[in-house]
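Structure first, then comments.
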Amino acid sequence: MTVMEYMNAHREDMEPCECVILPDGSVEEPQPSHIKKLEEISGEDKLTLNSRMEKNMEPIFFMVEYTGCMLVWSTRVVVPSHPTAAQEETLENLYFAAMLAPDYHREQVGPTYEECVKKAKELH
């Protein structure tokens, strides 16, 4: 769905904002969870994905980089190493619609994850 459709659907929610922003800027509900939604988007099963991850890596950061998606909670956003302009615009729209906390925490995937995902994609 578009960011406007998402905002209209959730404007009256008592629950805080939670969504996944795809590289094209569209928004999806994180059902049943953020990580499961990223598995679905990747088209891979959990065991395959885990085998591509280096030991001691946090799955959430690996999956964000692997899929190129942004994960959004009202107080926290996890961003791939190279977010798209469309994603940044969607995030900005959510922020200006007061769906994110004014001082939300933005975490960007680092070079270690970027390199691991690059290798994982080259092998498969």
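- Using a 4.5 Å heavy-atom cutoff, the side chains of E39 and L49 are in contact.
- No donor-acceptor pair under 3.5 Å is formed between the side chain of E92 and the backbone N or O of Q87.
- To the nearest 0.5 Å, atoms NZ (K55) and CG (N50) are separated by 11.0 Å.
- Shortest non-hydrogen contact noted between S74 and Y104 is O-CB, 3.7 Å.
- Of the possible polar contacts, none joining the Y66 side chain to the S42 backbone as a donor-acceptor pair under 3.5 Å is found.
- Annotation: side chain of C69 is in contact with side chain of L38 (closest heavy-atom distance under 4.5 Å).
- Nearest heavy-atom pair, W73 versus V78, reported as atom, atom and distance to 0.1 Å: CZ3-CG2, 3.9 Å.
- Nearest heavy-atom pair across E18 and E29 is O-OE1, 4.4 Å.
- In the hydrophobic clustering of this structure, V109 groups with I41; members are Ile, Leu, Val, Met, Phe, Trp, Tyr whose side-chain heavy atoms approach within less than 4.5 Å, directly or through other members.
- No donor-acceptor pair under 3.5 Å is formed between the side chain of H10 and the backbone N or O of E5.
- A 4.5 Å side-chain heavy-atom check between T112 and M57 finds at least one atom pair inside the cut-off.
- Expressed to the nearest 0.5 Å, how far OG1 of T48 lies from NZ of K46 amounts to 12.5 Å.
- The minimum heavy-atom distance linking P23 with A86 is given by the pair O-CB, 3.8 Å.
- A side-chain N or O of E65 and one of S81 form a donor-acceptor pair less than 3.5 Å apart.
- When side chains are defined from C-beta on, V20 counts as touching H34, because their heavy atoms get closer than 4.5 Å.
- Atom-to-atom distance recorded for R106:CZ and R76:CZ is 13.5 Å, nearest 0.5 angstrom.
- Hydrophobic clustering (ILVMFWY, side-chain heavy atoms < 4.5 Å, transitive): V72 and M4 are in one cluster.
- M7 and N93 get closest at one heavy-atom pair: SD-O, 3.6 Å.
- The closest side-chain heavy-atom distance from I35 to P59 is below 4.5 Å.
- A salt bridge links E40 with K37: the distance from a Lys NZ or Arg NE/NH1/NH2 to an Asp or Glu carboxylate oxygen falls below 4.0 Å.
- The backbone N or O of E58 lies less than 3.5 Å from a partner atom in the side chain of Y113, making a donor-acceptor pair.
- In this structure, CG in L94 is found 5.5 Å from CG in L100, a value given to the nearest 0.5 Å.
- No side-chain heavy atom of D24 sits less than 4.5 Å from a side-chain heavy atom of T84.
- With a 4.5 Å cut-off on side-chain heavy atoms, L91 and M70 count as touching.
- Electrostatic pairing of E44 and R52 counts as a salt bridge here, judged by a charged N lying under 4.0 Å from a carboxylate O.
- Taking the side chain as every heavy atom from C-beta outward, Y6 and C17 approach each other to under 4.5 Å.
- Contact between F62 and C116 at its shortest, heavy atoms only, is CE1-SG, 3.8 Å.
- Checking side-chain atoms of S26 against main-chain N and O of L22 turns up no donor-acceptor pair under 3.5 Å.
- Hydrophobic clustering (ILVMFWY, side-chain heavy atoms < 4.5 Å, transitive): I21 and V77 are in one cluster.
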